[in-house]
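Working notes, structure below.
Numbered from 1 within each chain, the chains take letters A, B, ... in sequence-line order.
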Amino acid sequence: MIKFQNVSFAYEKGRPVLRDLSFSIARGEAVGLIGANGAGKSTVMKLLLGLLFGEGRILVDGTEVSKANLAVIRRKLGFVLQNSDNQMFMPTVYEDMIFGPLNYGLSREETERRVDAVLARLGLTELKHRYNHKISGGEKRMAAIATVLAMEPEAILMDEPSSALDPCNRRIVINTIRDLTQTKLITSHDLDMILDTCTRVLLLSGGRLVADGPAEEILRDRALLEANRMELPLSLAGRR
Amino acid sequence: MNKMEKALYELSEMDELAARSSPIHRLHPAAKLLSTIAYIVVTVSFDKYDLSGLVPMLLWPVLLFQLSGIPVRTCFYKLRIVLPLVMAVGLFNPLFDRRIVLQLGTLAVSGGVISMLTLMLKGLLCLMASFLLMATTPIDKLCAALRMWHVPKLLVTLLLLTYRYVGVMTGELAVMTEAYHLRAPGQKGIHISAWGSFLGQLLLRSMDRAQELYASMLLRGYHEHFHYAPVRPFALKDALYAALSISAFLLLRYVHVAALLGKVIVR
Ligand SMILES: Nc1ncnc2c1ncn2[C@@H]1O[C@H](COP(=O)(O)OP(=O)(O)OP(=O)(O)O)[C@@H](O)[C@H]1O
Ligand SMILES: [Mg+2]
C-alpha cells in the first residue's frame, strides 16, 4: 500500500537527511519506524503525506504522492503529529474531532456517531466537551489520536504516539493500535510499544535504512540496536 | 502563570463565556451582529458635545449584561488594556477647545471637556458592545452568520484563523518568557539586549506552529471551506430582537431622552 522508491531528501543543500530510501509496506501491515533522534523518522512521514517533496518516488495505493494527487493521498492517510499542540486547533476536543469527517462530506449525524464511538473506545467520553487548552499534555495526545481515528483512514501514521502518556493511557493506546486493522506506520523511541504493536521494523540511521525485518528479530539484536543509539526493549532485556 | 499565559487564558475564556446559555446567547448570531453594528454606528454618530444625549445609550449594554449573565467585572477586567488606549483619544480636547459651554454655579465647563467626555463614553460604549457580542456568540457562529450574508469566504476564514492565531502567538510567547525567566531569575521583564533574538524567535516559532497547524487542517481534508456548526434558521424572536434594538437606538438618538425627562420633572 505504501512504497518508497529511491527517496532522498535534504532540508538544506549539502545536508541530506534521507538518502536513497526504498521500502514498501503491504496493506494491513503494522510497521515500526525506529532510529535515533534526528534520524529522519518524522521526515519520512511528512514526505509520505506530501507535506515535503524530495527526490525519488513515493506511492500510496499505486498513486504517486505529488501536488496534483494530494487530496486523494491524504484522504487515505491519518496522521498523529509528534506535537499534539499543533494538531488540535479548535476550542474543544469535540469540535476538533468533527473537523475531519465533516470535511470529507460526512453528515452531522454520522460524524456524531463516529465521534462517540471513538471516544468510548479510548475511554475518553469525559473529554468530549473539554477545552483543548485546559487538558493535560497526555490527554491532548489521546484526543489527537481520537481525532485521527474518527476519520477512519485506510492507513494510520503515528509519530511518537506513546510519548507523554501515563502507563495506563499508554496501554490503552497500545491496545487500540493492536485492534486497528488498518495499515500502520508508527515511529517511536518506546521500543516496547513497537514490539507490542508492530510485526515489522524499519531501522533508520544516517538517512539510510540499515535494517528491515520482523520486529522480534530486530528488536532482539542488541549489537544492531546499540550501534544505532538504541537499547533492547525492557521486556526483552530480561532485567525486569 | 506569567502575564502572557494569563492573557492566553483570558482569550480562550471568551470561548467559554460564549458557550454559556442565556436568552441572549440563544439569539441568532446574525441578529446580534446586526444589532451590535447598529449600536456602534448610532453611538458614533452622536454630536461631539451631546454628552447628555449619549448617556442613555448606556442602558443597552447594562440590559444585555443583565440578560446574558455576563459579569460586568469580567468585561472591564478583560478590557483593562485596551480601554485606557481608547479613552486617551480625547485627552487633548480640553487644551484645544476652551470655549465655555456650560456654567454650573461657579464652575465653568469648556467645550473641550464635554467633547473629551463624549469621546471617552463613545469609546467605552463601543468596546462594551463588541465585548458583549463576543462574549455571547462563539466565533464560528459569528463567522457562519457572516457567510450567511455572503461576506467573501476568504475574508471570513481569515477572521477565524486570525482569532485562533492570536492564541498560538500568545502561547509561544508564554512558553518563551517562562523559559527566559527560569534562566534569568530576579530580572524584571526581558533585557533589552535580548529583544532582537527574542522577537525573531517568537516570529519564527509562531510561524512554524501556524504552518503545522495549517498542515494538520489540510491533512484532515480542509479545502478553503470551513464547516461551521449549523446555525438554526432566523426566527421571529431574532427579527424582533434586531428590530426592537435598532428602533430603540434610533429613538435614543433622535429623541433627547435626558431633555424630555428634565421637562417632565420640571413640570
Ligand atoms: N525544518 C527543518 N529545517 C532544517 N532541518 C530540519 C528541519 N526539520 C528537521 N530537520 C533536520 O532533519 C533531520 C531529521 O529530522 P526528523 O525530524 O525527521 O528526525 P526524527 O527522526 O523524527 O527525530 P526525533 O526522534 O527527534 O523526532 C534532523 O537532523 C533535523 O535536524
Ligand atoms: Mg520526529
Review point. Does anything in residues 90-123 of chain A get under 4.5 Å of chain B by heavy atoms, and if so which residues?
Key: A:M90, A:P91, A:E95, A:D96, A:F99, A:G100, A:L102, A:N103, A:Y104, A:R108
Practice item. Answer with side chain, backbone, both or neither: which region of A:L51 has an atom nearer than 4.5 Å to a non-hydrogen atom of chain B? Key: side chain
Point to revise | Toward chain A, the part of B:D140 with a non-hydrogen atom under 4.5 Å | key: side chain
Check your understanding: For chain B, which residues from residues 32-41 of chain A lie under 4.5 Å away (heavy-atom distances)?
Key -> none
Check your understanding: What are the two closest heavy atoms between B:R209 and A:N86, and how far apart are they?
Key -> NE-OD1, 2.8 Å
Check your understanding: Heavy-atom distance under 4.5 Å to chain B: side chain of A:N132, backbone, both or neither?
Key -> neither
Point to revise | Worked check of side chain to side chain contact (heavy atoms under 4.5 Å, CB included) between A:K134 and B:E16 | key: CA-CA 11 Å; A:K134 282 191 176 171; B:E16 283 176 53; 2.8 Å; yes
Practice item. State whether the number of non-hydrogen atoms from other residues, nucleotides or ligands found under 6.0 Å of A:K128 atom NZ is greater than 12. Key: yes
Point to revise | Part of A:F89 within contact of chain B (heavy atom distance under 4.5 Å) | key: both
**Study point:** Heavy-atom side-chain proximity of B:E212 to A:Q82 below 4.5 angstrom
**Key:** no
Check your understanding: At what distance, to the nearest 0.5 angstrom, does OG1 of A:T147 lie from CG of B:L219?
Key -> 10.5 Å
Practice item. Evaluate whether atom CZ of B:R73 has more than 12 neighbouring non-hydrogen atoms of other residues, nucleotides or ligands under 6.0 angstrom away. Key: no
Point to revise | Portion of B:L218 that has a non-hydrogen atom of chain A nearer than 4.5 angstrom | key: both
Check your understanding: Which of the residues A:L77, A:N83, A:V148, A:D85 is involved in the greatest number of heavy-atom pairs with chain B at under 4.5 angstrom?
Key -> A:D85
Review point. Run the side chain to side chain contact (heavy atoms under 4.5 Å, CB included) check on B:M217 and A:Q87 step by step: do they pass?
Key: CA-CA 8 Å; B:M217 286 172 65; A:Q87 176 140 13; over 6 Å; no
